[in-house]
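One structure is given here, and the rest of the page talks about it.
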Amino acid sequence: MWAVIPAGHRPARHIVRWLRSIQELAEFQLARKDLKANIWRFANAVAQCPGFDPASMTIMPIWQRLQERFGFPSKSISNYFRRLRDWGVLAVVATGRTAEFTPKSSGRTENEAAIYVLLEKAEDQGVEKSSVPVPTRAVNNPPHARAGESSNPQMDAASPQPSLKRAAQRHEVNHQLLNRTEPLWDPNATTDATTKRERRETERLASLELQFRSFPLQRISTAHVAAICRPFFRAGWTIKDILHAIDWRPNTDAKYHHDGAHGVGNTGAWLKFRLGKWIRHDGGLYRSPSQKREAERSQRAAETRAAAERRERALAERSSYTPPTVPWRERVARIRQAQLG
């Protein structure tokens with residue numbers, strides 16, 4: 001059995017701890033709401049299946065029982081087992097087989113159910129590294145404070161409410177950013193793509209690179225950042241354009257005095273507010289700084305071409321000019337004579 005257990009995992013100590021470990025998974029917390037509900041109902045159904053051995057933490061869930069008693073379709077059962085294996089909470093000890101493929105020497109004439117072992121992480125992975133500042137707790141007055149001073153605790157900042165989903169989001173973002181060896185997306189490039197799948201992937205990578213360059217955004221998930229920045233990405237904005245829009249107002253050259261690193265409780269609303277200033281009243285977007293520079297460059301190039309064409313025309317007219325054969329004094333005399341008539 002130990003041969004199928006992946007590194008960093010071990011058999012769960014108790015089935016209740018196994019269920020709790022599923023709730024603490026980042027993949028579970030960041031899944032869709034309907035998928036979370038279905039996975040949680042399926043995990044509880046598996047925990048209630050017969051054939052559970054608490055000594056080895058192995059279980060033999062029968063698909064027919066899952067279908068008849070809990071109403072799971074066979075395709076969903078296969079999908080949920082695959083997800084639990086990918087998440088590292090299940091491992092296959094022995095695959096099931098039908099009676100047709102059972103050796104005759106065994107004397108068995110019935111189908112054999114697959115055997116799974118329930119897993120949990122072997123140990124904590126250490127303190128999570130994060131660039132997000134942790135709010136300080138309440139600090140009491142020192143013992144040598146004056147008698148007239150208030151002895152109430154001084155609250156420097158409110159501590160955030162614990163949330164498994166927020167912790168999972170922070171864990172996922174920090175894991176990807178700590179393993180970053182090169183830019184995930186070119187900060188000067190747009191997220192153009194031919195298909196919907198490629199466009200979503202490019203927007204995800206661009207949002208992750210945006211979180212690396214703006215650490216207040218590391219408090220929320222990459223999907224949340226991508227959802228807010230998606231209209232700007234599809235309008236041809238780059239990562240540097242969005243970073244500029246976060247710090248600067250669109251109609252003036254005034255920079256915001258607050259950078260969002262301190263005192264912002266809802267980072268998503270803060271990001272949406274900052275970028276919302278770059279949306280016109282008709283719903284369109286102002287031109288981004290890179291688009292303005294590109295337009296100015298195109299205008300200068302057009303003016304340079306027009307000036308070059310004017311010079312070429314002037315040179316062509318000058319080169320094609322033929323001076324008259326009659327001297328100018330004689331021409332002046334003829335003009336005067338014609339006027340006097």
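Quick caveat: nothing in here was measured; it's all calculated off a predicted structure.
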Output side-chain donor-acceptor pairs under 3.5 Å for residues 46-68, partner residues at least two apart or in another chain, one line each.
from, atom 1, to, atom 2, distance (Å)
Asp53, OD1, Ala55, N, 3.2
Asp53, OD2, Ser56, OG, 2.8
Ser56, OG, Thr58, OG1, 2.9
Gln64, NE2, Glu68, OE2, 3.0

Review point. Is there a donor in the side chain of Asn188 and an acceptor in the side chain of Thr238, or the other way round, less than 3.5 Å apart?
Key: no
Review point. Distance from Asp86 atom CG to Arg82 atom CZ, nearest 0.5 Å?
Key: 6.0 Å
Review point. Can you get from Val92 to Leu90 by hopping between Ile, Leu, Val, Met, Phe, Trp and Tyr side chains that sit under 4.5 Å apart?
Key: yes
**Study point:** Separation of Leu205 CG from Thr191 OG1 (nearest 0.5 Å)
**Key:** 10.5 Å
Review point. Is the closest side-chain heavy-atom distance between Glu209 and Arg180 below 4.5 Å?
Key: yes
Practice item. Under the side-chain contact (heavy atoms from CB on, under 4.5 Å) rule, what do Ile246 and Trp278 come out as? Steps first, then yes or no, please. Key: CA-CA 10 Å; Ile246 291 175; Trp278 290 77; over 6 Å; no
**Study point:** Flag side-chain contact, heavy atom, 4.5 Å: Val225 against Gln211
**Key:** yes
Point to revise | Residue pairs, two or more places apart or on separate chains, that pass ring pair (Phe, Tyr, Trp, His ring centres under 6.0 Å) and touch residues 4-34 | key: none
Check your understanding: Would you call Arg249 and Lys277 a side-chain contact if the rule is heavy atoms closer than 4.5 Å?
Key -> no
Review point. So do Ile5 and Pro11 actually touch side chain to side chain, heavy atoms under 4.5 Å?
Key: yes
Practice item. Check whether Leu84 and Leu35 end up in the same hydrophobic cluster, where Ile, Leu, Val, Met, Phe, Trp and Tyr are linked by side-chain heavy atoms less than 4.5 Å apart. Key: yes
Point to revise | Lys NZ or Arg CZ of Arg41 over Phe70 ring: under 6.0 Å, within 45° | key: no
Check your understanding: If you measure from OG1 on Thr202 to CG on Asp186, what distance do you get to the nearest 0.5 Å?
Key -> 12.5 Å
Point to revise | Spatial distance of atom CG (Leu184) from atom CZ (Arg213) [nearest 0.5 Å] | key: 9.5 Å
Practice item. Give the cluster check for Leu275 versus Ile279: same hydrophobic cluster or not, with ILVMFWY residues linked at side-chain heavy-atom distances below 4.5 Å. Key: yes
Point to revise | Point-to-point distance, once rounded to the nearest 0.5 Å, from CG of Leu210 to CG of Leu271 | key: 7.5 Å
Using distance only, find each side-chain donor-acceptor pair of residues 227-237 under 3.5 Å and give its atom names and separation, not counting sequence neighbours.
from, atom 1, to, atom 2, distance (Å)
Arg230, NE, Glu203, OE1, 3.0
Arg234, NE, Glu203, OE2, 2.9

Point to revise | Criterion salt bridge (Lys or Arg N to Asp or Glu O under 4.0 Å) on Glu27 and Arg83, from CA distance to verdict | key: CA-CA 10 Å; Glu27 295 85 353; Arg83 285 184 180 272; over 6 Å; no
Check your understanding: Tell me the salt bridge (charged side-chain N to carboxylate O under 4.0 Å, His left out) pairs involving residues 191-202, sequence neighbours left out?
Key -> Glu201-Arg204
Review point. Can Val16 be reached from Leu119 by stepping across I, L, V, M, F, W or Y side chains whose heavy atoms are under 4.5 Å apart?
Key: no
Review point. Is there any salt bridge (charged side-chain N to carboxylate O under 4.0 Å, His left out) pair reaching into residues 278-299, and which pairs are they, with sequence neighbours excluded?
Key: Arg280-Asp282, Glu294-Arg297
Review point. Looking at residues at least two apart in the chain, or sitting in another chain, which of them share a ring-ring contact (aromatic ring centres under 6.0 Å, His included) with Phe42?
Key: Phe72, Tyr80, Phe81
Practice item. Calculate, to the nearest 0.5 Å, the distance between atoms NE2 and OG belonging to His244 and Ser288 respectively. Key: 9.5 Å
Review point. Does the pair Arg313 and Glu317 meet the rule for a salt bridge (Lys or Arg N to Asp or Glu O under 4.0 Å), with working shown?
Key: CA-CA 6 Å; Arg313 287 196 300 268; Glu317 292 176 357; 5.9 Å; no
Exercise for review: Evaluate side-chain contact (heavy atoms from CB on, under 4.5 Å) for Trp87 paired with Ile39, printing each intermediate quantity in order.
Suggested key: CA-CA 12 Å; Trp87 293 353; Ile39 288 289; 3.9 Å; yes
Check your understanding: CZ of Arg69: more than 12 outside heavy atoms within 6.0 angstrom?
Key -> no
Check your understanding: More than 12 heavy atoms of other residues, nucleotides or ligands under 6.0 Å from OH of Tyr256: is that the case?
Key -> yes
Practice item. Determine the minimum heavy-atom distance between Thr190 and Trp185, stating which atoms define it. Key: O-CZ2, 3.3 Å
Exercise for review: For Gln29 and Gln23, indicate whether the former's side chain and the latter's backbone hold a donor-acceptor pair under 3.5 Å.
Suggested key: yes
Check your understanding: Is the shortest heavy-atom distance from the side chain of Val89 to the side chain of Tyr116 under 4.5 Å?
Key -> no
Check your understanding: Applying the 4.5 Å side-chain criterion to the ILVMFWY set and letting contacts propagate, would Leu19 and Leu118 be lumped into a single cluster?
Key -> yes
Review point. Does Lys75 offer a backbone N or O that forms a donor-acceptor pair with the side chain of Asn79 under 3.5 Å?
Key: no
Review point. Below 4.0 angstrom, N of the basic side chain to O of the carboxylate: do Glu24 and Arg20 qualify?
Key: no
